[in-house]
Amino acid sequence: MSSESEPENLVRVGQKPTLNYVVACLTLFNSGYDEVVVKARGRSIAHAVDVVNKLKESFISNLEVRNVSIGSEEVDVGGKRLRLSTIELVIAKPSYQPTPTQTGR
């Protein structure tokens, strides 16, 4: 693990059901965060993509994927050093901008 503190708007995707992570993202958005960071590594990368797609399809149709970062990370597993692929998806609800008819002009 890194020694840096993790941001409060981070959702780390693992092996739990997809809906658990979708709910975690929705909770962060409803708590006032404009952006949520979804991170995964190894076999969970496909799961993280599923989480973002489910959010877009079922809950926030205008969800924006602002950034996708990929990389790799070394971890110790059973005394062996393994290199795992990583992904970080920054997703955001677009800013609300009223149309002129909504502002009364």
State yes or no: do V51 and I45 share one hydrophobic cluster built from I, L, V, M, F, W and Y residues joined by side-chain heavy-atom distances below 4.5 Å, directly or via other members? yes
Using the ring pair (Phe, Tyr, Trp, His ring centres under 6.0 Å) rule, collect all pairs that involve residues 52-83, keeping only residues at least two apart or in two chains. none
Exceeds 12 heavy-atom contacts within 6.0 angstrom, atom NZ of K39: yes
I87 and L10: same hydrophobic cluster, using ILVMFWY side-chain contacts below 4.5 Å? no
Which value, rounded to the nearest 0.5 Å, describes the distance between I91 atom CD1 and D34 atom CG? 12.0 Å
Counting only heavy atoms not in R43, do more than 12 fall under 6.0 Å of its CZ? no
Do you know which two heavy atoms are closest between L63 and K93, and how far apart they sit? CD1-N, 4.3 Å
How long is the gap from OG on S85 to CZ on R83, to the nearest 0.5 Å? 9.0 Å
Please name the pair of heavy atoms, one in F29 and one in I60, separated by the smallest distance, quoted to 0.1 Å. CD1-CD1, 3.7 Å
Counting C-beta onward and ignoring hydrogens, is there a side-chain heavy-atom pair between R81 and D76 closer than 4.5 Å? yes
Residue pair V65 / V68: nearest heavy atoms and the distance that separates them: CG1-CG2, 3.7 Å
Give me the atom names and distance for the closest heavy-atom approach of C25 to V11. SG-CG2, 3.9 Å
Drop me the distance from L55's CG to T18's OG1, to the nearest 0.5 angstrom. 10.5 Å
Minimum heavy-atom distance L89-A48, with the two atoms named: CD1-O, 4.1 Å
Do R12 and E6 sit within salt-bridge range, that is, some charged N less than 4.0 Å from a carboxylate O? yes
Please list, chain by chain and in numerical order, all residues satisfying side chain to side chain contact (heavy atoms under 4.5 Å, CB included) with S69, sequence neighbours excluded. N67, E88
Using only atom types and a distance under 3.5 Å, with no angle test, would you say the side chain of N20 pairs donor to acceptor with the backbone of K16? no
Between H47 and Q15 the two heavy atoms that sit nearest each other are CE1-C, 4.2 Å
Do I70 and T86 make a side-chain contact, defined as non-hydrogen atoms from C-beta onward lying under 4.5 Å apart? no
Note, V49 side chain near V52 side chain (heavy atom, < 4.5 Å): no
Taking the side chain as every heavy atom from C-beta outward, state whether Y33 and E8 have any atom pair closer than 4.5 Å. yes
With salt bridge (charged side-chain N to carboxylate O under 4.0 Å, His left out) as the test, would you mind laying out the steps for E73 and R41 before giving the verdict? CA-CA 8 Å; E73 174 178 302; R41 64 184 189 187; 2.4 Å; yes
Is it true that a side-chain atom of S44 and a backbone atom of A40 form a donor plus acceptor pair closer than 3.5 Å? no
